[in-house]
Number of protein chains: 2
Amino acid sequence: MMMDVQLKRGLLDVCVLAAMKNEDSYGYKIINDLKPYIALSESTLYTILKRLETADMLTVRTCEHDGRLRKYYHITAAGRKRMEEFKTEWKEMILIYQFVTKEDEREESR
Amino acid sequence: MMMDVQLKRGLLDVCVLAAMKNEDSYGYKIINDLKPYIALSESTLYTILKRLETADMLTVRTCEHDGRLRKYYHITAAGRKRMEEFKTEWKEMILIYQFVTKEDEREESR
DNA sequence: ACGGTATACATCATATCACGAAGTATCAAT
DNA sequence: ATTGATACTTCGTGATATGATGTATACCGT
């Protein structure tokens with residue numbers, strides 16, 4: 001829950017995309033849905049949503065809900081492609097993890 | 001090999017620390033040792049080494065080798081602690097990975 | 001009626017950081 | 001003599017997470 005900021009960076013985009021992969025979602029809901037996995041503030045989320053929109057990974061649709069504005073985000077094919085790429089990157093990350101955690105071979109550990 | 005820049009960010013520090021966990025190392029060697037796992041330029045590495053030194057995760061010792069300057073880096077207890085923390089963070093990352101890759105439940109996939 | 005909390009989105013300033021570019025210098029091999 | 005490998009340094013830039021702050025409505029308890 002208190003993950004290193006830098007580690008989060010690479011995961012945020014795909015997490016946000018994953019939050020809308022089954023059905024369109026909106027800012028407030030995305031934050032709450034992701035809470036069990038990764039914490040992100042409103043300013044962070046809306047920055048990400050804007051970036052993903054610019055990258056054509058999602059489309060936006062504004063609705064009125066209970067007199068309040070609500071913007072629904074819809075993942076595009078490019079967005080799903082990004083999620084697939086993440087799976088490939090994950091394999092590389094596993095190799096890195098193994099390198100980092102490989103058994104210590106210092107003299108003193110004989 | 002062509003991992004997303006943001007994803008790399010969280011891994012670079014621990015990779016550099018891991019590169020010197022068995023024996024002290026120096027810039028040029030670290031870059032080559034990490035090459036099979038993660039690519040990083042000289043400017044990136046030396047920035048990281050400086051940062052890790054400031055954070056007391058490593059100490060530096062300058063030596064002369066074949067008439068050339070060579071700076072050996074030695075991981076500290078704090079550096080090893082950072083690597084342990086990474087293992088904890090990795091567990092969180094696995095949960096995130098599972099969330100992202102969880103089977104699609106869209107209508108069309110019935 | 002009032003206050004607090006939840007819902008919902010937007011913008012700005014700041015700090016961190018990876019990286020290319022360019023530089024300095026030595027040594028080995030062709 | 002030239003090229004490539006070794007080895008470290010500094011600068012500028014662009015990307016980006018986040019706190020702070022602001023706007024606005026709905027709901028619930030007292």
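Within the structure, a side-chain polar atom (N or O) of A/Lys8 is placed less than 4.0 Å from OP1 or OP2 of D/dT18. Listed pair A/Arg9 / C/dA18 fails the phosphate criterion, with no side-chain N or O lying under 4.0 Å from OP1 or OP2. Side-chain nitrogen and oxygen atoms of B/Gln6 include none within less than 4.0 Å of the OP1 or OP2 phosphate oxygen of D/dA15. In this structure, B/Tyr26 reaches the D/dA7 phosphate: one of its side-chain N or O atoms is under 4.0 Å from OP1 or OP2.
The nearest heavy atom of DNA chain C to A/Arg68 and to A/Thr47 marks one nucleotide each, and the one closer to the 5' end goes with A/Arg68. Place B/Leu69 and A/Gly10 on DNA chain D by their nearest nucleotides, and B/Leu69 ends up nearer the 5' end.
Atom CD1 in B/Ile31 sits about 9 Å away from atom C1' in D/dA7, given to the nearest Å. Going from atom NZ of A/Lys50 over to atom P of D/dT16 covers 15 Å, rounded to whole Å. One can place NZ of B/Lys29 at 19 Å from P of D/dA5, the figure rounded to the nearest angstrom. To the nearest angstrom, C1' of D/dC8 lies 14 Å from CD of B/Glu53. A straight line from NZ of A/Lys71 to C1' of C/dT11 spans 13 Å, rounded to a whole angstrom. To the nearest angstrom, P of C/dT5 lies 13 Å from OH of A/Tyr28. Computed from coordinates, the B/Leu45 CG to D/dT10 C1' distance equals 15 Å when rounded to whole Å. For the pair A/Glu42 CD and D/dA17 C1', the interatomic distance rounds to 14 Å; values are reported in whole Å.
How far CD1 of A/Ile96 is from CZ of B/Phe86: 8.0 Å, rounded to the nearest 0.5 Å.
Between A/Glu23 and A/Lys29, some side-chain heavy-atom pair lies under the 4.5 Å cut-off. No side-chain heavy atom of A/Glu53 sits under 4.5 Å from any side-chain heavy atom of A/Thr59.
Of the listed nucleotides (C/dA18, D/dT18, C/dC9), D/dT18 has the atom at the smallest distance from the side chain of A/Leu12. Proximity note for A/Asn32 (side chain, C-beta onward) versus D/dA17, C/dT7, D/dT9: the nearest is C/dT7.
Below the 3.5 angstrom threshold, one finds a donor paired with an acceptor across the side chain of B/Ser43 and the base of C/dG20.
Hydrophobic clustering (ILVMFWY, side-chain heavy atoms < 4.5 Å, transitive): B/Phe99 and A/Trp90 are in one cluster.
A salt bridge between A/Arg61 and A/Asp24 is present, with a side-chain N of the basic residue lying under 4.0 Å from a carboxylate O of the acidic one.
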